[in-house]
Participant: 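Let me give you the structure first, and then I'll get to my questions.
Predicted model, so just to flag it, every value in this text is computed and none were measured.
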Amino acid sequence: MKSQVIVKKNENLSLKQIAESGQSFRWKEQIDGSFIVTAMNETVQLIEKNNDLIIKGTSEELFKKKWSHYFDLGRNYKKVIAELKGRDQYLDAAIEYGKGIRILNQDLWEIIVTFIISSNNNIPRIKNSIEMLSQKYGSYIKTMNGEDYYSFPRAATLSQVKIQDLRACGLGYRDKYILKTSQMIAEGIIDLKEIKNMSRKKAKKELKKLFGVGNKVADCILLFACEQPAAFPVDTWVKKVLAEYYDFHESKQEKIDAFVEDHFGEFAGIAQQYLFYYIRKTENLK
DNA sequence: GTCCAGGCTCTTT
DNA sequence: AAAGAGCATGGA
């Protein structure tokens with residue numbers, strides 16, 4: 001069965017920029033520049049052609065149900081950018097440079113695990129760990145371009161895995177975080193459905209009860225999986241941006257929150273993605 | 001060999 | 001409340 005969906009897009013959707021923006025670790029670039037993406041128990045191929053986004057391997061119905069939301073197509077990024085522009089020169093430059101970035105709406109459980117793994121870690125290694133977890137504990141979905149793709153494993157599955165088997169996925173000392181957090185979710189100690197309905201502040205407090213989730217990871221979870229565009233993750237890169245370009249050196253969360261809300265406003269998290277992408281691109285070149 | 005990576009937990013002040 | 005140590009692992 002062959003099926004695909006074609007969507008009209010504008011400059012505020014660049015597959016390459018989204019893939020390099022560090023929010024998803026399961027986008028695999030192909031030789032022809034397309035991307036094979038696994039999310040929500042599906043695997044699709046994404047192709048950008050002029051003003052079209054082609055999604056191969058899904059149906060019109062599944063597009064409406066899942067992928068449209070995944071790509072945040074309900075949000076007008078022109079309006080977001082208009083709201084963010086003119087606040088300062090550095091952000092303006094970052095937006096101009098990374099205007100094809102969008103915030104993907106990803107699966108909450110997958111994002112929790114992914115960003116626990118991300119702590120004090122590097123991107124290639126994060127990708128590798130998630131790939132191994134999926135291959136070993138996910139379900140086979142399909143083969144595309146000669147490669148097999150697997151869904152992200154469920155909490156109930158991971159909660160039963162032996163700690164040394166998790167360690168074998170390259171998680172390092174984070175193995176115990178993943179195991180304990182899986183158990184907390186599987187046992188219903190933390191209810192993920194409830195978190196999505198909470199205020200940002202309350203949801204963050206709840207998320208931080210999970211082993212391995214601190215301020216930064218909680219903000220990533222809120223931004224990438226809970227539709228909280230004001231959540232502003234502060235990692236080593238953003239810290240550098242704040243210090244060097246905003247002359248902001250506080251480390252207390254309370255002070256950071258106040259500064260971020262005042263300076264970036266309701267779409268602070270989206271601004272953060274532009275800043276993160278820009279600083280890494282201009283200073284790292286990796 | 002040392003340093004660092006989308007930090008966190010635990011301990012000590 | 002705030003600051004510091006320790007943490008797995010691979011790549012630069």
Participant: Using whole Å, what does the distance between atom P of nucleotide C:dC7 and atom CD1 of A:I117 come to?
Facilitator: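 My rounded result for the distance is 21 Å.
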
Participant: What integer number of Å spans the P atoms of B:dG6 and C:dA3?
Facilitator: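 One P to the other, the span is 25 Å.
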
Participant: Contact class for A:Q273 (heavy atom, under 4.0 Å): base, sugar-phosphate, or nothing?
Facilitator: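 Base contact.
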
Participant: From CG of A:N120 over to P of C:dG6, roughly how many Å is that when rounded to an integer?
Facilitator: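 Going from CG in A:N120 over to P in C:dG6 covers 15 Å.
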
Participant: Between A:Y245 and A:Y278 (judged by ring centroids, cut-off 6.0 Å), do the two rings come close enough to count as a pair?
Facilitator: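 Centroid separation for A:Y245 and A:Y278: 6.0 Å or greater.
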
Participant: Is the closest side-chain donor-acceptor distance between A:Q106 and A:E110 under 3.5 Å?
Facilitator: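 Side-chain D/A pair, A:Q106 to A:E110: absent.
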
Participant: From CZ of A:F276 over to P of B:dG6, roughly how many Å is that when rounded to an integer?
Facilitator: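 It works out to 6 Å between those atoms.
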
Participant: Expressed as a whole number of Å, how far does the P atom of C:dG6 sit from that of B:dT2?
Facilitator: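 To the nearest whole Å, 15 Å.
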
Participant: In whole angstrom, give me the gap between the P atoms of C:dG10 and B:dC8.
Facilitator: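 Approximately 22 Å lies between the P atom of C:dG10 and that of B:dC8.
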
Participant: For A:K180, report the nucleic acid contact type (base, sugar-phosphate, nothing); a contact means any heavy atom under 4.0 Å.
Facilitator: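 Nothing: the residue A:K180, judged by heavy atoms under 4.0 Å, touches no strand.
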
Participant: Quick one about A:N105 and A:E227 (side-chain donor to acceptor, distance below 3.5 Å, no hydrogens or angles considered), yes or no?
Facilitator: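 Their side chains do not contain a donor-acceptor pair, so the 3.5 Å distance test is not met.
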
Participant: Does this structure show an ion pair linking A:D52 with A:K8, if we count only N-O contacts that are shorter than 4.0 Å?
Facilitator: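 A salt bridge is present here (some side-chain N lies under 4.0 Å from a carboxylate O).
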
Participant: Let's test your reading of the model: under 3.5 Å, does the base of B:dG6 pair with the side chain of A:Y277 as donor and acceptor?
Facilitator: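 Between B:dG6 and A:Y277, which were checked side chain against base, a qualifying N/O pair under 3.5 Å is absent.
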
Participant: Aromatic contact between A:F115 and A:F224, with the criterion being ring centroids under 6.0 Å apart: yes or no?
Facilitator: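 Ring-ring flag for A:F115/A:F224: true, centres closer than 6.0 Å.
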
Participant: Check the distance between B:dC4's P and A:D235's CG and give it to me in whole angstrom.
Facilitator: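 The answer, rounded to whole Å, is 15 Å.
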
Participant: Below 6.0 angstrom between ring centroids: does that apply to A:Y137 and A:Y150?
Facilitator: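 Distance test on ring centres: not under 6.0 Å, no.
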
Participant: Without decimals, in angstroms, what is the distance between A:R174 CZ and C:dG10 C1'?
Facilitator: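 Interatomic distance, CZ of A:R174 to C1' of C:dG10: 11 Å.
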
Participant: Can you work out whether A:G22 or A:Y177 has the more 5'-proximal nearest nucleotide on DNA chain B?
Facilitator: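 Nearest-nucleotide comparison on DNA chain B picks A:G22.
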
Participant: Contact class for A:T114 vs. all strands (heavy atom < 4.0 Å): base, sugar-phosphate, or nothing?
Facilitator: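 Contact class for A:T114: none.
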
Participant: Quick one: do A:R102 and A:D72 make a salt bridge, cutoff under 4.0 Å?
Facilitator: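 Looking at A:R102 and A:D72, the cut-off is not met.
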
Participant: Short of 4.0 Å, heavy atom to strand atom, which residues of residues 198-216 of chain A count as contacting DNA chain B?
Facilitator: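 Heavy-atom cutoff 4.0 Å gives A:L210, A:F211, A:G212, A:V213, A:G214, A:N215, A:K216.
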
